[in-house]
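To start, the structure under review is shown below, and the notes come after it.
Convention: sequence-line order gives letters A, B, ...; per-chain numbering from 1.
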There are 2 protein chains.
Amino acid sequence: MSLDERKSKILEAIILDYISTAEPVGSRTISKKYDLSISPATIRNEMSDLEEMGYIEQPYTSAGRMPSDQGYRYYVDYIMKKNKLDEAIERLVISSFKGKIDRFDDAIRISMELIAKITRYPSLILAPGSESSSLSMIRMLKVDEKRALLVVITENNQVENIFVDLPYEFKESDLDLLTSVINSKLSGTRISQWNKTIISELYGDLLKQKDVLATVLDSIEDRLNQKKEHRVYLTGIIQMLNEPEFRDVDKVKNILSFFDDKRILEDVLTKNSQIENFQVLIGNENEAKEIKECSLIKRSYSFQGDFQGVMGVLGPKRMDYSNAISLLELISEVLERKK
Amino acid sequence: MSLDERKSKILEAIILDYISTAEPVGSRTISKKYDLSISPATIRNEMSDLEEMGYIEQPYTSAGRMPSDQGYRYYVDYIMKKNKLDEAIERLVISSFKGKIDRFDDAIRISMELIAKITRYPSLILAPGSESSSLSMIRMLKVDEKRALLVVITENNQVENIFVDLPYEFKESDLDLLTSVINSKLSGTRISQWNKTIISELYGDLLKQKDVLATVLDSIEDRLNQKKEHRVYLTGIIQMLNEPEFRDVDKVKNILSFFDDKRILEDVLTKNSQIENFQVLIGNENEAKEIKECSLIKRSYSFQGDFQGVMGVLGPKRMDYSNAISLLELISEVLERKK
DNA sequence: TGTTAGCACTCTGTCTGATTGAGTGCTAAC
DNA sequence: GTTAGCACTCAATCAGACAGAGTGCTAACA
């Protein structure tokens, strides 16, 4: 369903005005502030049509109009032009990453902070779980008689440390032998690929140490599964409270409880992100009930070509979509770039 | 300045009532609900005295009275009896820790969650910084030609992983040699004790590898200093918003911004905790302006006799002090217990 | 001399009605 | 098809009235 030129212009004016004032906008305002050279009366007629078509709505009879979800959707899909980011902001982004793009954790933290700072809305980033990355190598370091530190390095240079209680005393050289066998079998594979065949081969090779091997493999799986839950980075929540739509403590509670449950966050970010690189979810398009008054912009990213996550901004429906989209685009591009 | 028996009883009644209703309390209420067998008129006279002495205050003429900071202080110091924790809660605490008291991180997380859940207020825990704990050992693992993973283990079994770029190619055995020399000199010492003497001795022993040594030592110091900032664990913020004193978005913003700045949190927790094992800070006694409407209860703890931190609960001034205090007491006792 | 009943007084919170202003929808003229 | 004009609607604001909770004071009582 498409709109003619004039209706489209009027819808745009309504949305732009509403974005900047958060007040329902009337026909007179549009006629005065936006140069469409038509009278308020005509605009009223058009607005009446737009309302009937579902693009705008009135909070009550005789108030101004505000965009509906469908209105925002039309705006994002057809009207909004992707204007380029402010030069200064682009420079800020680039320079913030300078020299800190190696470590994944640093890069993510910087991205998150940039998004929150520039958009002034909360930003959230889903980091890929360790279980989805391949094992580079493991090592075991003897800590005391019957205890070792298991060091697990994945191919994207994330490191996990796990203390392991050994069933009997090991020499350091025994441990090295053990780990070198494990490495030769499992290095380069994903945890999720550790099927019965590989594992039973391993047990064949390490018959004598099978209880240690079991402990080691279990520890790794346990830890990496545990890690799954804590993959969401998040910042900038307070800023959200400056928006007039959050003048109400119950709404604040609502949004905070959304941010508080990392599993919901993860679901929300993950959803469809394999299929769609870029997603803009407006109001009720969001499945999580806590954010049906908000819009979420998501962008999949990969880190130096290696593995995937999702980054997003959550704002009120009347957020500056164009700006936020360009920013996510830029940041994901920087992350992608191999150094 | 002490109060006579009857004034003390009346103050107690006012505080207890205010704690449960959050409404200014009048003389009639006290006479009816609390069995003091004196008439409202008499109570009014006493209240008038208490107000003059600064223990209670009136929000406006002809409203009921509410406790002042000084009133709460008197209550906490002289009136409140430390009643024992509910048995069920005590069991819950003990059982929550069962089998999970080894790893410091787990123990802290459980403590934090217990405090938030039981008191229904936000809980915050300061974990001791790595820089204050002694080095147990370091190891270096070769990752690729010119890159090694430096594994730093402290005596309380915290582990840090640092990737180090080597100036030239090393064999694994060279790295082992290097680390064993470092270990023999630095093992058992605190980072903060690494003075010039020790370090220059080390350089003497490792003349040939001095640039690698420098990289290693710098990396360790850098990382552990960085870590300092992220030592505060925190949960249960939303619960605070259920309290009637936070019906106002500006107050919410205030308190959220307090929780947002980890440095302020750290300062607040650290302050005087060396001198006083236990602290109750009521309203204006708090230095941080964001929480001058709240009370903070802090308790120093040590983990299995080893090193020290601080745990706390932040609530409205009309919180259940007795209960919160007993809970912190119990938890710090559990943490202290060597397994 | 301490306690109490009674009463006038004070202040908040809520309700009501009047008023204002922004904005619409409709009609008739251009 | 566009526009000016006008009646109409509704939220927001304000003032005044009123009820209710609670106090402080006074005078009587034990």
Test item: side-chain donor near acceptor, [X] and [Y], under 3.5 Å:
X: Tyr321(B); Y: Ser295(B); value: yes
X: Thr270(A); Y: Ser273(A); value: no
X: Asn242(A); Y: Lys253(B); value: yes

With DNA chain C as reference, determine whether Asn45(A) or Pro24(A) sits nearer its 5' end, using the nearest nucleotide of each.
-> Pro24(A)
Between Pro40(B) and Thr61(B), name the one whose nearest nucleotide on DNA chain C is closer to the 5' end.
-> Pro40(B)
Please list residues of residues 9-22 of chain B whose heavy atoms come under 4.0 Å from any atom in DNA chain C, ordered by number; otherwise none.
-> none
Heavy-atom contacts under 4.0 Å between residues 25-39 of chain A and DNA chain C, which residues?
-> Gly26(A), Ser27(A)
Of Gly64(B) and Ala41(B), whose nearest nucleotide on DNA chain D comes first from the 5' end?
-> Gly64(B)
Per nearest nucleotide of DNA chain D, the residue lying toward the 5' end, Arg6(A) or Ala63(B), is Arg6(A)
Rounded to whole Å, CE of Met66(A) lies from C1' of dG23(C) at a distance of 15 Å
Using whole Å, report how far CD of Glu46(B) lies from P of dT3(C).
-> 7 Å
Verdict with supporting geometry, Glu12(B) and Lys81(B), salt bridge (charged side-chain N to carboxylate O under 4.0 Å, His left out) = CA-CA 11 Å; Glu12(B) 182 177 11; Lys81(B) 21 200 172 310; 3.4 Å; yes
Note: Glu87(B)-Arg91(B) ion pair, threshold 4.0 Å (strictly below) | yes
State plainly whether the residues Arg247(A) and Asp250(B) are in salt-bridge range, i.e. N to O under 4.0 Å.
-> yes
State which residue, out of Ile115(B), Val313(B), Leu265(B), Val268(B), fulfils the side-chain contact (heavy atoms from CB on, under 4.5 Å) condition with Leu124(B).
-> Leu265(B)
For dA29(C), the Watson-Crick or wobble counterpart (both distances under 3.5 Å) = dT2(D)
Base-pairing mate for dA8(C) - Watson-Crick or G-U, with both contacts under 3.5 Å = dT23(D)
Note: chain A reaches DNA chain D at heavy-atom distances under 4.0 Å over the stretch, first to last nt, 5' to 3', of dT2(D) to dA11(D)
What residue among Glu329(B), Glu276(B), Gln279(B) forms side chain to side chain donor-acceptor pair (under 3.5 Å) with Arg299(B)?
-> Glu329(B)
Under 4.0 angstrom, heavy atoms only, what part of the nucleic acid is Thr42(A) near: base, sugar-phosphate, or nothing?
-> base
Shortest non-hydrogen contact from Gly54(A) to Gln70(A)?
-> O-OE1, 3.3 Å
Side chains of Arg73(A) and Glu285(A): closer than 4.5 Å at any heavy-atom pair?
-> yes
Report the C-alpha distance between Lys251(B) and Glu293(B) in whole Å, list the side-chain angles of each, state the deciding distance to 0.1 Å, and finish with yes or no for salt bridge (charged side-chain N to carboxylate O under 4.0 Å, His left out).
-> CA-CA 9 Å; Lys251(B) 291 202 176 141; Glu293(B) 290 293 306; 5.2 Å; no
